[in-house]
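A short worksheet on the structure shown next.
All residue numbers refer to positions in the sequence shown, counting from 1. Just so you know, these numbers come straight off a predicted model, no measurement behind them. All values below come from the heavy atoms of this structure, side chains included, with hydrogens, waters and symmetry mates left out.
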Amino acid sequence: MTKIQFVDCHRLPERSFFFKGKQFPLCARCTGIYLGYAIFIPIIFFFKLNIWYSLLAIAPTTIDGLTQAYCKRESNNPLRFFTGILAGLGLAGISDFIAYYIVEFSKFIYHSL
């Protein structure tokens with residue numbers, strides 16, 4: 001599992017989960033983000049997330065990360081994981097929002113020609 005090289009993650013041991021003595025290939029926050037994104041992909045066909053709710057879902061991760069970086073506050077892995085899941089859901093919602101308008105713009109251009 002350490003062959004995941006295309007992902008930009010610091011992989012610090014103290015900020016990662018371990019299973020059977022082996023470190024996850026991603027930190028707790030990135031694990032949550034990718035899991036949240038993966039959870040939302042099948043749901044996206046039935047449920048659309050408003051852009052404002054998507055941005056709101058990303059806010060806890062942003063606040064947690066920034067206060068950790070600049071306010072000398074140390075977060076914990078469960079909090080990183082949970083806020084990461086919210087961010088993954090929010091990022092999937094934003095991706096859906098962008099994709100929808102790209103398709104609509106393409107339709108507009110196609111019918112304008």
Closest non-hydrogen atom pair between Pro60 and Ala57, with its separation: CD-O, 3.3 Å
Derivation of the side-chain contact (heavy atoms from CB on, under 4.5 Å) call for Ile51 and Ile94: CA-CA 6 Å; Ile51 187 70; Ile94 290 172; 3.8 Å; yes
Single-linkage hydrophobic cluster Tyr110~Phe108, side-chain heavy atoms < 4.5 angstrom: no
Inter-residue atom distance Ile58.CD1 - Thr83.OG1, 0.5 Å rounding: 11.5 Å
Common cluster, Ile39/Phe46, ILVMFWY with side-chain heavy-atom separation under 4.5 Å: yes
Gap between atom OG of Ser95 and atom OH of Tyr37 - 0.5 Å precision: 3.0 Å
OH-CD1 distance between Tyr34 and Ile85, expressed to the nearest 0.5 angstrom: 14.5 Å
Cluster overlap Phe24 with Phe18, hydrophobic side-chain contacts below 4.5 Å: no
Close side-chain approach of Leu56 to Trp52, heavy-atom, < 4.5 Å: no
Distance (rounded to the nearest 0.5 Å) between Arg29 CZ and Ser16 OG: 11.5 Å
Value rounded to 0.5 Å, distance of CG in Leu91 from CG in Asp96: 12.5 Å
Within one Ile-Leu-Val-Met-Phe-Trp-Tyr cluster: Phe97 and Phe47, side-chain cutoff 4.5 Å: no
Side-chain donor or acceptor of Lys48 paired with backbone N/O of Ile44 under 3.5 Å: yes
Side-chain donor or acceptor of Arg80 paired with backbone N/O of Asp64 under 3.5 Å: no
Joint hydrophobic cluster, Leu35 plus Leu89, side-chain heavy atoms closer than 4.5 Å: yes
Heavy-atom pair with the smallest gap, counting every atom of Gln68 and Arg73: CG-O, 3.0 Å
Nearest atoms (heavy-atom pairs only) where Ile33 meets Ala87: CG1-CB, 4.1 Å
Separation between CZ of Phe45 and CZ of Phe40, rounded to the nearest 0.5 Å: 10.5 Å
